[in-house]
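For reference, the structure discussed in these notes is given below.
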Amino acid sequence: MARTISSAVNSPGNNRCGDSLYARIYATVCQIPRGRVSTYGRIARLVGGCSARQVGYAMASLPAGSRVPWQRVINHKGEISCRKRGDGAGNQRRRLEAENIRFSPKGRIDLKRYGWPIF
DNA sequence: CCTGTGACGTCCC
DNA sequence: TGGGACGCCACAG
């Protein structure tokens, strides 16, 4: 699993101060148990010293096929954030449904029920 | 160096 | 419940 992080940190241009902030974000995301979801803001709070946008940016920078469960990270509305390009949104929903996470008729996730209880 | 932009969040109406 | 305005900060050009 440590290999996982290493792979994730291998993003294009982001190495800051050796101990990259992205690594922290990815590590935190990796701690989200299967069948649970969290929000960008919460991840940012957990990591500390960074804003939700940075978390989103970190997700966007993730290489395809990374072991980081980026799909479990959604916005505070409980919806899958629409990315600028790519069909990742549909892919994300499909992955979440594969984890028994149910979506509301409007395509939302009940954070009360599926939200990561920790922190 | 300066500007635009974005997988966000909170506040207000 | 829903939508708009503002704030936020790193990254790319």
Side-chain angles (χ1 to χ4, degrees):
Chain A
M1 287 307 183
R3 194 175 184 174
T4 302
I5 310 282
S6 301
S7 183
V9 176
N10 200 3
S11 307
N14 61 22
N15 226 13
R16 300 173 49 91
C17 303
D19 195 45
S20 97
L21 176 62
Y22 281 44
R24 298 251 176 179
I25 296 174
Y26 297 144
T28 303
V29 174
C30 286
Q31 288 173 35
I32 302 176
R34 180 183 171 284
R36 290 285 179 270
V37 296
S38 189
T39 65
Y40 297 94
R42 271 192 184 175
I43 300 299
R45 282 286 182 173
L46 278 172
V47 174
C50 70
S51 61
R53 274 199 182 269
Q54 293 179 252
V55 176
Y57 216 93
M59 295 300 110
S61 295
L62 271 174
S66 70
R67 310 276 191 271
V68 180
W70 54 270
Q71 54 220 38
R72 295 173 190 157
V73 184
I74 58 180
N75 59 23
H76 79 285
K77 291 179 287 189
E79 237 291 317
I80 296 176
S81 298
C82 295
R83 44 204 51 91
K84 191 66 176 178
R85 290 184 67 186
D87 56 339
N91 191 0
Q92 181 171 6
R93 172 161 181 163
R94 178 141 176 352
R95 284 171 182 255
L96 290 174
E97 287 176 334
E99 297 184 358
N100 290 327
I101 293 178
R102 299 182 183 179
F103 282 77
S104 300
K106 295 174 183 175
R108 282 178 169 174
I109 299 175
D110 186 3
L111 289 173
K112 298 285 185 182
R113 178 168 163 74
Y114 299 103
W116 190 21
I118 306 177
F119 305 109

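Worth saying up front: this structure is predicted, and the values here are computed from it rather than measured. Convention: sequence-line order gives letters A, B, ...; per-chain numbering from 1.
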Next item on the list: Taking all non-hydrogen atoms of both residues into account, name the closest pair between A:Ala58 and A:Tyr22 and its distance.
Entry: CA-CE2, 3.6 Å

Next item on the list: Check A:Gln92 against A:Ile80 and note the closest heavy-atom contact, atom names and distance.
Entry: OE1-CG2, 3.0 Å

Check: Near DNA chain B, which residues from residues 95-103 of chain A have a heavy atom under 4.0 Å away?
Finding: none

Item checked: Between CG on residue A:Asn75 and OG1 on residue A:Thr39, distance to nearest 0.5 Å -> 8.5 Å

Checklist line | A:Arg45 CZ to C:dC8 P, straight-line distance once rounded to whole Å | finding: 14 Å

Notebook entry, point to check: Rounded to the Å, how far apart are A:Ile43 CD1 and B:dG9 C1'?
Noted result: 14 Å

Notebook entry, point to check: Can you tell me how far C1' of B:dA7 sits from CD1 of A:Ile32, to the nearest Å?
Noted result: 13 Å

Note to self: Measuring from the side chain of A:Tyr22 (C-beta onward, heavy atoms only), which nucleotide among B:dA7, B:dG9, C:dA10 has the closest atom?
What the structure shows: C:dA10

Item checked: A:His76 NE2 - C:dG7 P separation (whole Å) -> 17 Å

Check: Under the side chain to side chain contact (heavy atoms under 4.5 Å, CB included) criterion, do A:Ser38 and A:Val73 qualify, and how do the steps go?
Finding: CA-CA 5 Å; A:Ser38 189; A:Val73 184; 5.6 Å; no

Margin query: I'd like to know if A:Arg93 and A:Glu97 make a salt bridge, using a cut-off of under 4.0 Å between side-chain N and carboxylate O.
Written below: yes

Notebook entry, point to check: Short question: side chain of A:Gln71, backbone of A:Asn91 - any donor-acceptor pair under 3.5 Å?
Noted result: no

Notebook entry, point to check: Atom CG of A:Leu46 and atom P of B:dG9: how far apart are they, to the nearest Å?
Noted result: 13 Å

Margin query: List the residues meeting side-chain hydrogen bond (donor to acceptor under 3.5 Å, both in side chains) with A:Asp110, not counting sequence neighbours, and say none if there are none.
Written below: none

Check: Nearest-Å distance, CD1 (A:Ile109) to C1' (B:dA7)?
Finding: 13 Å

Check: For A:Glu79 and B:dG9, what is the distance between atoms CD and C1' respectively, to the nearest whole Å?
Finding: 16 Å

Pick out the pairs of N or O atoms, protein on one side and nucleotides 1-5 of chain C on the other, that lie under 3.5 Å.
from, atom 1, to, atom 2, distance (Å)
C:dG2, OP1, A:Lys106, NZ, 2.7

Margin query: Rounded to whole Å, how long is the line connecting atom CD of A:Gln54 with atom P of C:dC9?
Written below: 8 Å

Check: Under 6.0 Å from the CZ atom of A:Arg34, do we count more than 12 heavy atoms belonging to anything else shown?
Finding: yes

Next item on the list: State whether the side chain of A:Arg42 and the backbone N or O of A:Trp116 hold a donor-acceptor pair below 3.5 Å, judged by distance alone.
Entry: yes

Margin query: When you measure from the side chain of A:Gln54 to the backbone of A:Ser51, do you find a donor-acceptor pair of N or O atoms at a distance under 3.5 Å?
Written below: yes

Next item on the list: Could you state whether A:Tyr40 and A:Val37 fall into the same hydrophobic cluster, counting links through intermediate Ile, Leu, Val, Met, Phe, Trp or Tyr residues with side-chain heavy atoms under 4.5 angstrom apart?
Entry: no

Next item on the list: Give, for atom OG of A:Ser66 and atom OH of A:Tyr26, the distance between the pair rounded to the nearest 0.5 Å.
Entry: 7.5 Å

Item checked: Test item: A:Arg102 side-chain N/O and A:Asn100 main-chain N/O as donor-acceptor pair under 3.5 Å -> no

Checklist line | Spacing of A:Ile109 atom CD1 and A:Ile101 atom CD1 [to the nearest 0.5 Å] | finding: 5.5 Å

With the criterion being N/O to N/O and under 3.5 Å, what pairs connect the protein with nucleotides 2-5 of chain B, and how long is each?
none

Checklist line | Structure string for DNA chain B in dot-bracket form, Watson-Crick and G-U at under 3.5 Å, | interchain | finding: .|||||.||||||

Note to self: How long is the straight-line distance from OH of A:Tyr57 back to CD1 of A:Ile25, given to the nearest 0.5 Å?
What the structure shows: 12.5 Å

Next item on the list: Using atom types as modelled and distance alone, determine if a side-chain donor or acceptor of A:Arg72 lies under 3.5 Å from a backbone N or O of A:Ile32.
Entry: yes

Do any N or O atoms of the protein come closer than 3.5 Å to N or O atoms of nucleotides 11-13 of chain B, and which pairs are they?
none

